[in-house]
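Per chain, numbering begins at 1; letters A, B, ... match sequence-line order.
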Number of protein chains: 2
Amino acid sequence: MSTIATLTDVAKAANVSKMTVSRVINHPEQVTDELKALVFKAMKELDYQPNFAAKALAANTTRIIKLIILEKVDTVEPYYATLLMGVAQALNEHQYALQVVTQKNADIGDCDGYIITGARRDDFDWLNQLNRPTILFGENRHNYDYVDSDNKYGTFLATSAAINDGYDQIIFFGIELKESFEYSRERGYMDTMQKDGRNPQIVRFGNHSSEAQNYVENHWHEFKPNTCFVCSSDRLAIGVERGIQHMHGNIPDEFGIIGFDGVFLDQIADPKLTTVKQPVMTMGSKVAALLLQKINLALPMSEDHDPDRNNRVEVMFSPELIRRQTTRNYHRS
Amino acid sequence: MSTIATLTDVAKAANVSKMTVSRVINHPEQVTDELKALVFKAMKELDYQPNFAAKALAANTTRIIKLIILEKVDTVEPYYATLLMGVAQALNEHQYALQVVTQKNADIGDCDGYIITGARRDDFDWLNQLNRPTILFGENRHNYDYVDSDNKYGTFLATSAAINDGYDQIIFFGIELKESFEYSRERGYMDTMQKDGRNPQIVRFGNHSSEAQNYVENHWHEFKPNTCFVCSSDRLAIGVERGIQHMHGNIPDEFGIIGFDGVFLDQIADPKLTTVKQPVMTMGSKVAALLLQKINLALPMSEDHDPDRNNRVEVMFSPELIRRQTTRNYHRS
DNA sequence: TCTCTCAATGTTATCGGTAACAGGTTTAAT
DNA sequence: ATTAAACCTGTTACCGATAACATTGAGAGA
């Protein structure tokens, strides 16, 4: 028999009713230990796996979670691949299916909840119209629940490291985007600089390596040796690295570079980037877990986003400074 | 009413029975045009979307497709992200859900079919035991249906371009892997070289940029100016690029480089790589489409893999040579 | 005119679970 | 001892869609 065992099969084997088996699974406290033992034995023997579709249908849910990626996917960042792995893993564990949506208009069909990544200011009108539990990947000022890495802490780590390593001038290369994550990263840099009595200096670019590279080359005379560039992304950091190499600056002794993200790009760079690494995969799992929790709590369904509630869930993961070859890595003890 | 419309709702609105509506969707030829019109109107008005779970349950299927990634995901290649987008898109269109599995052992629960990527020789024992329609992403010698890019044609393109551009020495940097795709790429190179009466020369490495880079630096004296390196991956190509830059060789006049894959890495390199680009996203959609076709054809389910059948499906996509900054790009007309 | 056939539509049962209710037994309280 | 409350398990109906069967009606042929 290669057919897959159903509840009924298990019930027969254990000589009880379907309902008892169902209860053993969902409300075990309502069943005597005696029967539970029988049922467990039968489940094991038949290698019972609950039927996804039946569960969904009975519960009037879809057991589908949509992951909506709101960024242009032509330059698919490895970042999202990693995130997706994390989400997928957590979802699988709980017998939920994933639907990946890359364009707003492709969002057809129902689902139990949304995970949104790459939401920008203009996207929130659209987001508000979603009528299912939603969690954003990335901090935001719209009172949406979210998971993110602690961006401010990340640039604190980076800036402290630069100070610690003895660089005189520490410049922040930011992303030209009026988004929350960027504000936080800049703040982490600013605060740390000020606390140390230094003069912060911020320059901003589109998130392309070439822009950072051009800037470095065009303003080369402004950068005295013993300068460290703290960047808001590994992309920018790579640009800086190239700019310095092009101008024959020495890395890391004359010039330090610290990136942000720690996904793939940092390893591709040469020399490999010192970077603020986010635990992206873990974060992916966490968003998924949180969303499922929210869904199960919020039953009955169709909870709309309420911009006025004040019990927002904000989960921040601490990033980690990975010291590699673009900083001096002194260890002041 | 924000509730989602069901078959019954549509039936009531159109004043027919559920069954008629179902037939309009699945067997339209059995329904009169008159009723069809009514039903279509009702469906449009109610914005009817078929219930995924109910469909699955009624048809005794899962409507779940598993994408199994058999490679180490610690260095998640952007390649897979792109592929996944393609798969997801095609699946969404046909109301199938995707389950991403990254470790063999995590493959619990039933599904309607498998898409396998990154299968190596040792994986096939495990693959054989899968008892659902399966399609591989990547050519193989085990008689599995597959989709891949035309690897041989890809290196033919690359090698021809190198010849065309007037490079004297043309060396192939391959991946040290006894896998089908690598054989094909090497063959494309060999054949093209021989047809032009040249001496092929192949070196192989693990697929890491550093290995290629070290080799270039350590054997620098062997490479006369006017040499082109045809590589089996963009990763290797990047290593070569660095090696050459490190030895102060001139790109592309003295030394040409051609990569393979065309996903992300080629753009990150500086100068940007001339590469053989695979239409990865399209290929992803195609695998999915093929699998769905196979599933619907193979009903009733549980079709095992039959290693002896001789009607294997092999779909090859033609890659494209993208000329960028690491070749001379002469255009012999 | 009366049947016979076939096409068009409706009715019923089913997929595999779960909530709600019903029935039977034990325990506790008066 | 009697009754109620608590507890455990089984029965029924339902989630939304579909295959299989039942029914209806129109047109063909005798």
Side-chain angles (χ1 to χ4, degrees), chain A residues 3-39 42-43 46-64 94-96 109-112 296 299-302, chain B residues 3-39 42-43 46-64 94-96 109-112 296 299-302:
Chain A
T3 21
I4 280 183
T6 71
L7 247 197
T8 314
D9 298 333
V10 176
K12 272 193 207 126
N15 216 17
V16 296
S17 74
K18 281 179 13 168
M19 208 47 225
T20 302
V21 180
S22 171
R23 270 192 278 254
V24 168
I25 297 169
N26 301 300
H27 310 282
E29 74 285 357
Q30 298 178 7
V31 183
T32 52
D33 293 349
E34 209 173 349
L35 283 192
K36 257 187 287 195
L38 281 177
V39 170
M43 293 203 315
L46 297 174
D47 186 29
Y48 170 72
Q49 300 288 352
N51 182 302
F52 173 89
K55 258 182 125 93
L57 187 56
N60 246 328
T61 62
T62 64
R63 295 194 84 81
I64 293 178
H94 296 84
Q95 282 242 320
Y96 273 78
D110 199 14
C111 68
D112 290 353
N296 294 324
L299 294 174
M301 301 254 309
S302 82
Chain B
T3 21
I4 281 184
T6 71
L7 248 195
T8 315
D9 299 331
V10 176
K12 272 194 207 125
N15 214 22
V16 296
S17 75
K18 283 175 16 165
M19 208 50 223
T20 302
V21 181
S22 171
R23 270 192 277 255
V24 168
I25 298 169
N26 301 299
H27 310 284
E29 75 284 357
Q30 299 177 5
V31 183
T32 52
D33 293 348
E34 207 175 348
L35 284 192
K36 256 188 288 197
L38 280 177
V39 170
M43 293 202 315
L46 297 174
D47 186 29
Y48 169 71
Q49 300 288 351
N51 182 301
F52 173 90
K55 254 182 130 94
L57 188 56
N60 247 325
T61 62
T62 64
R63 295 195 86 81
I64 292 176
H94 295 85
Q95 282 241 320
Y96 272 78
D110 200 15
C111 69
D112 290 355
N296 293 324
L299 295 173
M301 301 254 308
S302 80

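- Taking 4.0 angstrom as the limit, B:Lys55 places none of its side-chain polar atoms (N or O) nearer than this to OP1 or OP2 of D:dG16.
- For A:Ile4 and C:dG17, the CD1 to P distance is 10 Å, given to the nearest whole Å.
- Looking at heavy-atom distances under 4.0 Å, A:Phe52 makes no contact with the nucleic acid at all.
- Distance check, rounded to the nearest 0.5 Å: NZ of B:Lys18 to NZ of B:Lys12 gives 10.0 Å.
- The end-to-end axis angle of the helix from C:dT1-D:dA30 to C:dT30-D:dA1, rounded to 10 degrees and based on five pairs per end, is 60°.
- Taking every heavy atom of both residues into account, B:Asp112 and B:Tyr96 meet most closely at OD2-CE2, 3.7 Å.
- Side-chain N or O atoms of A:Arg63 include one that pairs as donor or acceptor with a backbone N or O of A:Gln95 at under 3.5 Å.
- Look at A:Ser22 and you'll find a side-chain N or O under 4.0 angstrom from OP1 or OP2 of C:dT18.
- Within the 4.0 Å cut-off from OP1 or OP2 of C:dA8, not a single side-chain nitrogen or oxygen of B:His27 is found.
- Once rounded to the nearest 0.5 Å, the distance linking CG of A:Asp9 with CG of A:Asp47 reads 12.0 Å.
- The NZ atom of B:Lys55 lies 9.5 Å from the CG atom of B:Asn51; values are rounded to the nearest 0.5 Å.
- Remark: A:Ser17 engages A:Thr20 in a side-chain hydrogen bond (donor to acceptor under 3.5 Å, both in side chains) (not counting sequence neighbours).
- Residue contacts shown for B:Val31 are limited to sugar-phosphate atoms, with no base heavy atom under 4.0 Å away.
- Contact annotation for B:Ile25: no contact, since no heavy-atom pair falls under 4.0 Å across all strands.
- Spacing between atom CG of B:Leu38 and atom P of C:dA8 amounts to 16 Å, rounded to whole angstrom units.
- Look at B:Thr32 and you won't find any side-chain N or O under 4.0 angstrom from OP1 or OP2 of C:dA7.
- Remark: of the listed residues A:Gln30, A:Lys36, A:Met19, A:Lys36 is the sole one forming a side-chain contact (heavy atoms from CB on, under 4.5 Å) with A:Val24.
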Strictly under 3.5 Å: I want the nitrogen or oxygen pairs between protein and nucleotides 11-15 of chain C, one per line.
residue : atom : partner : partner atom : Å
C:dC15  : O3'  : B:Asn60 : OD1          : 3.3
C:dC15  : O2   : B:Ala58 : N            : 3.3

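- Across D:dT9, C:dT9, C:dG10, the shortest atom-to-atom separation from the side chain of B:Val16 is found for C:dG10.
- Residue B:Lys36 contributes atom NZ, which lies 10 Å from atom P of C:dT9 at whole-angstrom precision.
- To the nearest angstrom, C1' of C:dG17 lies 15 Å from CD of A:Gln49.
- Here the CG-CD distance, from A:Asp110 to B:Gln49, works out to 9.0 Å after rounding to the nearest 0.5 Å.
- The CG-P distance, from A:Asp33 to D:dC8, rounds to 10 Å in whole Å.
- The side-chain contact (heavy atoms from CB on, under 4.5 Å) test with B:Phe52 singles out one residue from A:Ile64, A:Leu57, A:Thr62, and that residue is A:Ile64.
- When rounded to the nearest whole Å, the span between CG of A:Leu7 and C1' of C:dT18 equals 9 Å.
- In this structure, CG of B:Asp9 is placed 13 Å from C1' of D:dA17, rounded to the nearest angstrom.
- Distance CE (A:Met43) to P (C:dG17): 11 Å, rounded to an integer number of Å.
- The shortest heavy-atom contact between A:Ile25 and A:Tyr48 is CD1-CE2, 3.7 Å.
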